[in-house]
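Pasting in a structure now, in structure tokens, and then I'll have a few things to ask.
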2 protein chains.
Amino acid sequence: MTTKRKTIKDIAKESGFSLSTVSLVLNNHPRISPATRERVMAVVKKYNFFPNSAARGLASKSSRTLSVVIPNLTRVFSDIYLGEIISGIYERATSLGYKILLDIATAQFVKSQEYTKLLASRRADGMLFIASDIHANYLEVFEDSPFKFLLVNHFFPGKKLNYVSVDYAASARLAAEHLLGLGHRKIGLIAGTNTHTGLKFRDEFLQLCKQWPAGAAKAIWVDGGEEWSQRGGYAAAAKLIAQEPGLTAIMAANDRLAIGAMRWLADNKRAVPEDISVMGVDDIQLAAFVNPGLSTIRHDLHQVGIEACNRMLQLIKGEIEECSDLLPTSLVVRGSTARMRGK
Amino acid sequence: MTTKRKTIKDIAKESGFSLSTVSLVLNNHPRISPATRERVMAVVKKYNFFPNSAARGLASKSSRTLSVVIPNLTRVFSDIYLGEIISGIYERATSLGYKILLDIATAQFVKSQEYTKLLASRRADGMLFIASDIHANYLEVFEDSPFKFLLVNHFFPGKKLNYVSVDYAASARLAAEHLLGLGHRKIGLIAGTNTHTGLKFRDEFLQLCKQWPAGAAKAIWVDGGEEWSQRGGYAAAAKLIAQEPGLTAIMAANDRLAIGAMRWLADNKRAVPEDISVMGVDDIQLAAFVNPGLSTIRHDLHQVGIEACNRMLQLIKGEIEECSDLLPTSLVVRGSTARMRGK
DNA sequence: CTTGTTATGTTGAGCGGTTTACTGCACAAT
DNA sequence: ATTGTGCAGTAAACCGCTCAACATAACAAG
């Protein structure tokens, strides 16, 4: 059997100091002299002692843990989008001394109100929620609640929920201006409609097409499907072209949809960008490697993760009360978009 | 400011029972009569009370948390392989009432000995380590240690470390038998060499080719690269064919490598399976959708996650002392492999 | 009537830390 | 000599829950 686990008391006894001195040493409290610190640390090292985190959490009323909730997509982990955000969160959380408690927003997770339980039981000091779609109304329990809650790369119009997100309206503007500026006047949009950010993007984009000073564009749109996948983009492109064969540009709500659309176009003998321009959103790695390179709007999701973490810590520390950050995006022009052919 | 957080004591006072009765109710202890349980629960519900998990953990000496460590690949979350395992772990852990603490095996993680700290500080009751490659020697601290540690889909030859893994030797056998049985005698292997499981697979496969009763096969191999990626497979196929143009079959250590190889073959006018058979390992979704469908060895990684979780709990409960499970695999024949053409 | 047994609650001693207020003490200023 | 001012360390009151040991009552059996 294991020998009894050491406690702070054992360290105190062996080093000849009081229990509280050891505690202060372990917390790097300036009150303690270097000499004392050293003697205590020698014993700590000797036993490879680490203070019990439950005891610590109980006494200090902080778990030093952040809950991260991701969507319940089957292929969720194969989603580069999430990976970027999570790695940003992990990186920042770790450097701040916080751990990450992972949850997946399954039906069970929602039904058992795990999202409340986690915070009420103080298992986590705050929750970073990446999993939201337009149906996550249960999240409204966090409006005006004492719990620290933050939506990551999402928002709920009309609800007072904190968020840090890329500015989808700005992205829509950049994209529209790029395509319209190239002279396109018949544009097909492959939209994502199961998130509020996706809807925002769609509405903003269509709006701009309608109001373009140099002449309104005809813009039609179809749904790219729940998964925002390459396959969805493939099917959507087919639908768009069937509906309006004269399209000169296709805008997709993300790069995967766009790449799927490009594939359909290639399979159907339409040259990109000669016959038709294609554009995506996100700037995933693959965007640079398809042929032609995909023009897109760059979304720095890693940065979103980092920022979300920063904000969450400010919320926890009480430095801020609420948060609604929109991070800037930028246009990346590659080969898939070109000036409309003069006819 | 927030009103004071309720504690078990408040619930006891208001429900008229003792503190411990409330505790027993919350833990579903059979000692308590239904009537009492009901009256206590009424108060619990009324305040939406959840017991403080730090206090619970301190008193019960269990964190009800499992540490899961994943590799520090840039595109780690885009790896379907991991996703399957993690979702298996999450599913099972959750149903057993355990939470998942996520860590990424960064240089910092290793350097700061976070893997020890996590367990020593009792932040987690056990560690499921998915992140191992052949260089993770630091893990030997877990040999004969009191800490509950388990490698997931990996093992270290010569080290006493618990593991639950797919049986890579068996997979190699199934694959070799399939290809050799189809008459192939010049086989190229695209191997993964940065994991012990990959090496095991390679050695076993080559061995079998050499010793095939119906006549030894000539088998050559190249490294598929650190990432086991499509791109790596593409390059590896080129190398193999350059080295031995007469190959009639290519075996890849995973499906992504195989699909990359198929792509190279297509780009270089070799028909699969007419000119050359191609085979992978894992049976990822995509394997069924490429053209021709990829013959492969099915690895149920979701199940590996579930099993790993089961075993970990047995380790924690002391029901078992150690664990070295190999899960069975199976052959999946699709269109990419065929009997060798009679010449 | 006594003793045993079962069912249901309660008491209280921890679990292993954090943190506030307090104690000395050395040294400088008055 | 008196008072003030830091500095370094300590005592002790929690933090909120678990669980083994004990208490009590009701009822059956001898």
Below 4.0 angstrom from OP1 or OP2 of C:dT18, is there any side-chain N or O of A:Asn27?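 Answer is yes, contact under 4.0 Å.
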
Rounded off to whole Å, could you give me the CD1-to-C1' distance for the B:Ile8 and C:dT10 pair?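 Checked: the CD1 to C1' distance equals 14 Å.
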
So, does the side chain of A:Ser18 form a donor-acceptor pair with the base of D:dA11 at under 3.5 Å?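 Checked by distance alone, the answer is no.
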
Which one, D:dT10, C:dT10, C:dG17, comes nearest to the side chain of A:Arg31?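 Of D:dT10, C:dT10, C:dG17, D:dT10 is nearest to the side chain of A:Arg31.
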
What is the separation between atom CG on A:Leu24 and atom C1' on D:dT10, rounded to the nearest whole Å?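 Answer to the nearest Å: 10 Å.
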
Is a side-chain donor-acceptor pair under 3.5 Å present for B:Thr195 with B:Thr197?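 Yes.
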
For A:Thr7, answer base if it contacts any base atom (sugar-phosphate contacts may also be present), sugar-phosphate if it contacts only those atoms, and nothing otherwise; contact means non-hydrogen atoms under 4.0 Å.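 Sugar-phosphate, backbone atoms only, no base.
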
At how many degrees, to 10°, do the end axes of the helix from C:dC1-D:dG30 to C:dT30-D:dA1 meet when each uses five pairs?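 The end-segment axes of the helix from C:dC1-D:dG30 to C:dT30-D:dA1 are tilted 50° relative to each other.
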
Can you measure B:Lys9 atom NZ to D:dC14 atom P for me and round it to whole angstrom units?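 Taking NZ of B:Lys9 and P of D:dC14, I get 9 Å after rounding.
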
What nucleic acid atoms does A:Ser33 come within less than 4.0 Å of, heavy atoms only: base, sugar-phosphate, or nothing?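 Sugar-phosphate contact only.
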
Find the distance B:Leu19:CG to C:dA13:P and express it as a whole number of Å.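 Atom-to-atom, B:Leu19 to C:dA13, this comes out as 14 Å.
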
Could you tell me whether the phosphate oxygens of D:dC14, OP1 or OP2, come under 4.0 Å of any side-chain nitrogen or oxygen in A:Lys61?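 For D:dC14, OP1/OP2 do not have a side-chain N/O of A:Lys61 under 4.0 Å.
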
Can you tell me if B:Ser18 and B:Ser20 form a side-chain donor-acceptor pair at under 3.5 Å?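 Their side chains do contain a donor-acceptor pair, which is all the 3.5 Å distance test asks for.
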
Counting side-chain heavy atoms from C-beta on, which of D:dC19, C:dG14, C:dG16 comes nearest to B:Ser20?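 In terms of side-chain proximity for B:Ser20, the closest of D:dC19, C:dG14, C:dG16 is D:dC19.
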
Rounded distance (Å) that lies between atom P of D:dA23 and atom CZ of B:Phe17: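 Computing the B:Phe17:CZ to D:dA23:P distance gives 21 Å.
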
Answer yes if the side chains of A:Ser121 and B:Arg56 hold a donor-acceptor pair under 3.5 Å, and no otherwise.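 Side chains of A:Ser121 and B:Arg56: no pair found under 3.5 Å.
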
Regarding D:dT18, can its base be found pairing with the side chain of B:Ser23 as donor and acceptor, where the two atoms are less than 3.5 Å apart?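 For B:Ser23, whose side chain was compared with the base of D:dT18, there is no donor-acceptor pair (under 3.5 Å).
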
In whole Å, I'd like the distance from the NZ atom of A:Lys13 to the P atom of C:dG17.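 Taking NZ of A:Lys13 and P of C:dG17, I get 13 Å after rounding.
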
Taking the side chain of A:Thr21 as heavy atoms from C-beta outward, which of D:dG16, C:dG16, D:dG9 is closest to it?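 Per side-chain heavy atoms of A:Thr21, the pick is D:dG9.
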
How many Å lie between NE2 on A:His29 and C1' on C:dT20, as a whole number?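 Result: 10 Å.
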
Atom-pair distance (CZ on A:Arg5; C1' on C:dG17), nearest Å: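 My rounded result for the distance is 15 Å.
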
Run the ring-ring contact (aromatic ring centres under 6.0 Å, His included) test against B:Phe17 and tell me which residues pass, sequence neighbours left out.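 ring-ring contact (aromatic ring centres under 6.0 Å, His included) list for B:Phe17, sorted by chain: empty.
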
Side-chain donor-acceptor pair present, A:Arg92, A:Ser95, cut-off under 3.5 Å: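 The criterion, which ignores hydrogens and geometry beyond distance, is satisfied for A:Ser95 and A:Arg92.
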
Which sits closer to the 5' end of DNA chain C, B:Ala59 or B:Pro34, going by the nucleotide each is nearest to?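 Result of the comparison: B:Pro34.
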
Under a 4.0 Å threshold between the charged nitrogen and the carboxylate oxygen, would B:Arg123 count as salt-bridged to B:Glu114?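 Salt bridge between B:Glu114 and B:Arg123, a charged N being under 4.0 Å from a carboxylate O: no.
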
Answer yes when B:Glu140 and B:Lys159 have at least one side-chain N-carboxylate O distance shorter than 4.0 Å, and no when they do not.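 Salt bridge flag = yes for B:Lys159 with B:Glu140.
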
